[in-house]
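Order of the sequence lines sets the chain letters (A, B, ...), proteins ahead of strands, with each chain counted from 1.
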2 protein chains.
Amino acid sequence: MATGPTQSKAQNIAKEVRRRIVEGEWRQGVRIPDEADLAVEFDAARSTVNKALQLLADDGLLDRRRRAGTRVAVDPVRKATFTISIVREQVEHAGLAYSHRVVAQRESPVPDDIATRIGLAKGEVMVHMRAVHYADGRPFQLEDRWINPRAAPGLAGVDFRQLNANEWLVRNAPYLHAELAFSAENADSRDARLLETRPGQALLILYRTTWNDLGPITTVRVAFQPGHIVGTEGNFWPGQYTGG
Amino acid sequence: MATGPTQSKAQNIAKEVRRRIVEGEWRQGVRIPDEADLAVEFDAARSTVNKALQLLADDGLLDRRRRAGTRVAVDPVRKATFTISIVREQVEHAGLAYSHRVVAQRESPVPDDIATRIGLAKGEVMVHMRAVHYADGRPFQLEDRWINPRAAPGLAGVDFRQLNANEWLVRNAPYLHAELAFSAENADSRDARLLETRPGQALLILYRTTWNDLGPITTVRVAFQPGHIVGTEGNFWPGQYTGG
DNA sequence: TCGGGATATATGTATAGACATAGAGAAGCA
DNA sequence: TGCTTCTCTATGTCTATACATATATCCCGA
């Protein structure tokens, strides 16, 4: 194969197979040689070829089925991964000074719509808090969070006025499953006041809910500052990303 | 291990290790037994344990280094994967009738900001098109796309008034690398007109650029209908997702 | 005390061999 | 022709073994 020594043998095989697909040598829908044949061609063990092809299948580039063989996916359903880091790191990574302010924290029965969405009985008591995160003193993001004390043991004594809820949860309540969703909303008057912008301003909203085996841990609505962009290659501050 | 027969042995081991981390048995930062020990405990070969632990490391739950061993990540930088399918499938998957309309298609020198972002020489000629996708006759999303004919051979004769650009590209120009980014923008008058909403309405915007080894293939700005939500577990129509 | 080099160790990766299993396709039967 | 059953094949997975490689740690000498 004409491929340079990227890394492991399996990765080189994957890279070469990917090249053949991208350059049209192996077209969408056609069956490619089976693992045994490729093993001979690349002078590798079948398990190595298997590893390479599984990488591409996870990527959505190949469809593999027992007995039917491996074929190039017709509709490559591709996946994009976003890495979610904690707020403070995002801010500091941009070379800015981080601070945050808790606007409210109290125990309260969970609203019906949220209870339904995260699969909790209506009216259960959760900890509700709102906080603003600042970068160099300017509002960066606004979080509106509900925490389930039953799934986050040790929560009782914690005062998030002192500690960052985000980091406390990350460190003390690892999760098994998470769901994210993006949407856009016009800022209401509270959003506008806390983010120091005008009502009606379009805001990127991120909903995130995490679960462990005790149930939902926390669900949060994050509103980013106007112009903020969340991308697979990282986050962009207003003006950094020139969108078409 | 008390784990039910999820799937493979490696996955069961991964599941059990994950459980121990989530339940606090193995706390953040501490070193866990090495592969050989775990192999004994789980009665498996070391390579099977290795596979399991690599799964968790890819997930960001473990930090692994040669000679230093494996430890539970202190700041679990977690990844969220979004699966991006073609528009028509999204619409039809929701049980709605799909249609689309091309608003404009012409060749034009690429604007400087876009050229810079995707790494193309300024002033190169690209194909520019705008289209609206409808679900049951109502505007669902609006795309503003630039296509690089030099990276998409066979593009010349294609008339996207007939064919869906999205699908043509998916089928005919597989890519090696893709970047996605989400943002929110207030609808300008053109957005509003084409999406049949009011100017100023907050819109979820998705930027996507794809490359192959010939260079950037296409870059597109997708504006979703108001209220649309893109999530790890799929897409939600207005009103379906009850965000907090 | 402080480097610098040797050593041991945990992970990274490849291998051949084996058996399991889904499922396409053939064979048999109504 | 339509249905069931059988067979065989390509992938799925695990195993033992081997060697590579990064690097923490120890030891030693200046």
Side-chain angles (χ1 to χ4, degrees), chain A residues 1 3-18 20-21 26-74 76-77, chain B residues 1 3-18 20-21 26-74 76-77:
Chain A
M1 75 187 117
T3 310
T6 318
Q7 288 205 29
S8 67
K9 197 164 183 176
Q11 282 182 347
N12 279 332
I13 294 173
K15 191 175 174 183
E16 168 64 10
V17 170
R18 170 173 256 135
R20 291 185 189 175
I21 294 168
W26 288 341
R27 310 196 72 86
Q28 328 273 95
V30 310
R31 179 154 168 206
I32 74 172
D34 65 32
E35 296 183 347
D37 291 346
L38 290 175
V40 172
E41 183 193 336
F42 292 119
D43 186 33
R46 184 173 78 87
S47 44
T48 306
V49 173
N50 180 277
K51 195 174 186 177
L53 297 186
Q54 291 208 359
L55 279 174
L56 297 177
D58 288 344
D59 239 60
L61 212 62
L62 294 177
D63 279 336
R64 292 163 64 71
R65 269 159 54 226
R66 278 174 154 133
R67 163 75 216 224
T70 300
R71 41 188 74 234
V72 181
V74 268
V77 177
Chain B
M1 75 187 114
T3 311
T6 317
Q7 290 207 26
S8 68
K9 199 164 182 175
Q11 282 183 347
N12 278 332
I13 295 173
K15 190 175 173 183
E16 168 64 11
V17 170
R18 170 175 256 135
R20 291 184 189 175
I21 293 168
W26 289 339
R27 309 197 72 86
Q28 327 273 90
V30 309
R31 180 156 167 206
I32 75 172
D34 64 34
E35 296 183 348
D37 290 346
L38 291 174
V40 172
E41 183 193 336
F42 292 120
D43 188 32
R46 184 172 78 84
S47 44
T48 306
V49 174
N50 180 278
K51 194 174 186 178
L53 297 186
Q54 291 208 1
L55 279 175
L56 297 177
D58 288 344
D59 237 60
L61 213 63
L62 294 176
D63 279 336
R64 292 163 65 70
R65 270 160 55 226
R66 279 173 155 134
R67 163 75 218 227
T70 300
R71 41 189 74 236
V72 181
V74 269
V77 177

Next on the checklist: Please pick, from dA10(D), dG12(C), dA14(C), the nucleotide with the shortest atom-to-atom distance to any side-chain atom of Arg64(B).
Outcome noted: dG12(C)
Next on the checklist: Given dA14(C), dG12(C), dT15(D), identify the nucleotide with an atom nearest to the side chain of Asn50(B).
Outcome noted: dG12(C)
Next on the checklist: Within the structure provided, determine whether Val17(A) and Leu61(A) are in side-chain contact (heavy-atom separation under 4.5 Å).
Outcome noted: no
Checklist entry - With no angle test and no hydrogens, is the base of dT13(C) tied to the side chain of Arg46(B) by a donor-acceptor pair under 3.5 Å? => result yes
Next on the checklist: Tell me the closest heavy-atom pair linking Ala44(A) and Lys9(A), and the distance in Å.
Outcome noted: CB-CE, 3.9 Å
Next on the checklist: Base of dA10(D), side chain of Arg67(A) - is there a donor-acceptor contact under 3.5 Å?
Outcome noted: no
Item to check | Shortest side-chain distance from Glu35(A), nucleotide among dT15(C), dG12(C), dT11(D) | outcome: dT11(D)
Checklist entry - Considering only dA10(C), dC14(D), dA16(C), which nucleotide approaches the side chain of Ala45(A) most closely? => result dA16(C)
Item to check | Per Arg66(A) side chain, nearest of listed nucleotides dC8(D), dC14(D), dG12(D) | outcome: dG12(D)
Checklist entry - The side chain of Thr48(A) lies closest to which of these nucleotides: dG12(C), dT11(D), dA14(C)? => result dA14(C)
Checklist outcome for this item: Of Ala68(A) and Lys51(A), the one whose closest nucleotide on DNA chain C sits nearer the 5' end is Lys51(A)
Next on the checklist: For Thr70(B), run the side chain to side chain contact (heavy atoms under 4.5 Å, CB included) check against Glu35(B), Arg31(B), Arg64(B) and tell me which one passes.
Outcome noted: Arg64(B)
Item to check | Out of dG12(C), dA24(C), dT13(D), whichever nucleotide has its closest atom nearest the side chain of Gln54(A) | outcome: dT13(D)
Checklist entry - At under 4.0 Å, does any side-chain N or O of Lys9(B) touch on OP1 or OP2 of dG12(D)? => result no
Checklist entry - Toward the 5' end of DNA chain D, which comes first, Arg65(A) or Ser47(A), by nearest nucleotide? => result Arg65(A)
Next on the checklist: Distance alone, cut at 3.5 Å: any donor-acceptor contact between the side chains of Asn12(B) and Glu16(B)?
Outcome noted: no
